[in-house]
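As structure tokens, the structure follows; a few thoughts come after it.
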Amino acid sequence: MTPTILAHFDGQSCVPDEPVVGLAPGDKLRVTIERESTETPPPRRSLRGPAKGTFIVSDDFDEPLDCFTVYR
């Protein structure tokens, strides 16, 4: 199992934000850097104008098509 801990960069090294349990001095580590995104995602686009509300899925959408019965 790979534990995940949060840390911050002080300009020269990564400093853990919580105690690191189970490590001895000299143990090898693999560090993956991921920046936390402070940006909010853009809002989802909504349909406007004449296309609004025009997409309807019929009740027989999943029915087999008759034109392909030859190939069954």
Side-chain angles (χ1 to χ4, degrees):
M1 182 175 157
T2 305
T4 301
I5 61 168
L6 297 177
H8 64 275
F9 184 66
D10 68 357
Q12 293 182 344
S13 61
C14 291
V15 180
D17 294 336
E18 56 195 64
V20 181
V21 180
L23 288 178
D27 283 352
K28 293 186 177 185
L29 303 174
R30 176 178 294 158
V31 178
T32 303
I33 307 295
E34 291 183 14
R35 289 185 178 172
E36 287 188 347
S37 176
T38 57
E39 299 176 5
T40 57
R44 299 187 112 201
R45 292 178 50 184
S46 61
L47 292 175
R48 294 190 175 105
K52 184 176 182 179
T54 58
F55 297 99
I56 299 171
V57 177
S58 64
D59 293 334
D60 63 345
F61 180 77
D62 289 331
E63 300 288 323
L65 299 174
D66 293 333
C67 60
F68 294 116
T69 56
V70 178
Y71 301 108
R72 289 188 197 165

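Residue indices begin at 1 and follow the sequence shown. These numbers come from the heavy atoms of this one structure, side chains and all, not from hydrogens, waters or symmetry mates.
Shortest non-hydrogen contact noted between Pro16 and Ala7 is CA-CB, 3.7 Å.
Qualifying side-chain contact (heavy atoms from CB on, under 4.5 Å) partners for Thr40, counting only residues two or more places apart in sequence or in other chains: none.
Put simply, CD on Glu34 and OG1 on Thr32 are 7.0 Å apart, with the number rounded to the nearest 0.5 Å. To the nearest 0.5 angstrom, Cys14 atom SG is 12.0 Å from Leu6 atom CG.
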Side-chain donor-acceptor pairs of residues 55-63 under 3.5 Å, sequence neighbours excluded:
from: Ser58; atom 1: OG; to: Asp60; atom 2: OD1; distance (Å): 2.7

Listed pairs under 3.5 Å, donor-acceptor, residues 18-28 side chains, sequence neighbours left out:
from: Asp27; atom 1: OD2; to: Ala24; atom 2: N; distance (Å): 2.8

